[in-house]
Number of protein chains: 2
Amino acid sequence: MVQELQIFQQHLSKTGRKVTQERIEIAKAFLSTEGHITADELLQKLQRSGVAVGRATLYRTLAVLCEAGLAVKRQFDEGTARYERLYGHKRHDHLVCTRCGKIIEFESPLIERVQQEVFLAHDFLAHSRRVELYGLCKECRE
Amino acid sequence: MVQELQIFQQHLSKTGRKVTQERIEIAKAFLSTEGHITADELLQKLQRSGVAVGRATLYRTLAVLCEAGLAVKRQFDEGTARYERLYGHKRHDHLVCTRCGKIIEFESPLIERVQQEVFLAHDFLAHSRRVELYGLCKECRE
DNA sequence: CTGCTTGCAAAGTATTTGCACTCTT
DNA sequence: AAGAGTGCAAATACTTTGCAAGCAG
């Protein structure tokens, strides 16, 4: 996380932005999170640690984190976006339990191949993908 | 489409709902659409044909169409939901151009297999999936 | 006639933006 | 000191809901 924080600060400077207390606090809170967090959850996490930042600043900083390549914004099938750490994480896809909301990450070399074939077949220049499998986890079936 | 309309009417009756003019008009407009339409696009389509229904009714009817298994609601990476016809359509996935927004449907038996393997490996009961590949189409690269 | 439906307008979410004030650089 | 950044509140975008009036069964 230390390394990510440095990247973040460098990114701020490099893009002519200022390294503010708020941005650092938000970045720290986000970078000490595993999994997939919503803006609101992150705000609550900050408030619990006694840090009070405005919602606007939160959203603005999350956008910068994405820009810096440290986060990705994802829309699962709720109405709300979730943010996921990117740095040092392997490319992966998601398995989601439709009852309890649990999200499991998985990797599949086979999907990589399918992806390439489809892009090739339709003459697309690959950019990214989103693969989500929805089902019921073991616990939720009991 | 005739068949789908019948299914819709049956579903309405079966669930103790009324077969109203509005519902029929909305269903007709939706079922005569190929591809992936937003609520707003559908509303405009209706207005162009001289049918004036309220937004609320539109949303309510789309929900019933989904319930009846004739439509699916999908969130692509915009903020807006899109509705897709389901009846008689093969299971497929989507290839999306990030510049022009074009959506191409494709099928891949290989993905079916990957899906089953992942569900098995994590002991999930399969429900559905969402696979979207994002890239630049040929036209948008020129 | 009963009560589900409709359309309007108001309320909800999630996120963005304008603006006066504050803090990095 | 200059101007980017902050928080608030208002604005936006999409969707849902309460309610009085309308229409299907």
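In what follows, every chain begins at residue 1, and chains take the letters A, B, ... in the order their sequences are listed.
Between A:L42 atom CG and C:dT15 atom P the separation is 12 Å, expressed in whole Å. With rounding to whole Å, B:L62 atom CG is found 9 Å from D:dT16 atom P. Distance, A:E25 CD to D:dG5 C1': 16 Å, rounded to whole Å. Atom P of nucleotide C:dT25 and atom NZ of A:K14 are separated by 16 Å, given to the nearest angstrom. For A:Q21 and C:dT24, the CD to P distance is 7 Å, given to the nearest whole Å. Computed from coordinates, the B:R17 CZ to C:dT5 P distance equals 7 Å when rounded to whole Å. For A:E41 and C:dT13, the CD to C1' distance is 15 Å, given to the nearest whole Å. Atom CD of A:E22 is separated from atom P of C:dC21 by 18 Å (rounded to the nearest Å).
A sub-4.0 Å separation between OP1 or OP2 of D:dA4 and a side-chain N or O of A:T20 is absent. Look at A:Y59 and you won't find any side-chain N or O under 4.0 angstrom from OP1 or OP2 of C:dT16. At the phosphate of C:dA14, OP1 or OP2 sits under 4.0 Å from a side-chain N or O atom of A:T80.
By the 4.0 Å N-to-carboxylate-O rule, B:E34 lies close enough to B:R85 to be salt-bridged with it.
For A:K18, counting side-chain heavy atoms from C-beta on, the closest listed nucleotide (D:dG3, D:dT16, C:dT6) is D:dG3. The listed nucleotides are C:dT5, D:dC14, C:dT15; the one nearest the side chain of A:A39 is C:dT15. The listed nucleotides are C:dA9, C:dT24, D:dA24; the one nearest the side chain of B:A56 is C:dA9.
Contact annotation: the side chain of B:F30 never approaches that of B:K28 to less than 4.5 Å [non-hydrogen atoms, C-beta and beyond].
Each of B:S13 and B:Y83 has a nearest nucleotide on DNA chain D; the 5'-most of these lies closest to B:Y83. Where B:R60 and B:G79 meet DNA chain D, the nucleotide closest to each residue was compared, and B:G79 sits on the side nearer the 5' end.
We find the CG-CD distance between A:L70 and A:E84 to be 13.0 Å, quoted to the nearest 0.5 Å.
As judged by a 4.0 angstrom heavy-atom cut-off over every strand, A:R55 is placed among the base-contacting residues.
For the residue pair A:E105 and A:H36, a side-chain donor N or O sits within less than 3.5 Å of a side-chain acceptor on the partner.
Below 30°, between 30° and 60°, or above 60°: for A:H94 and A:F76 the angle between ring planes is above 60°, a perpendicular geometry.
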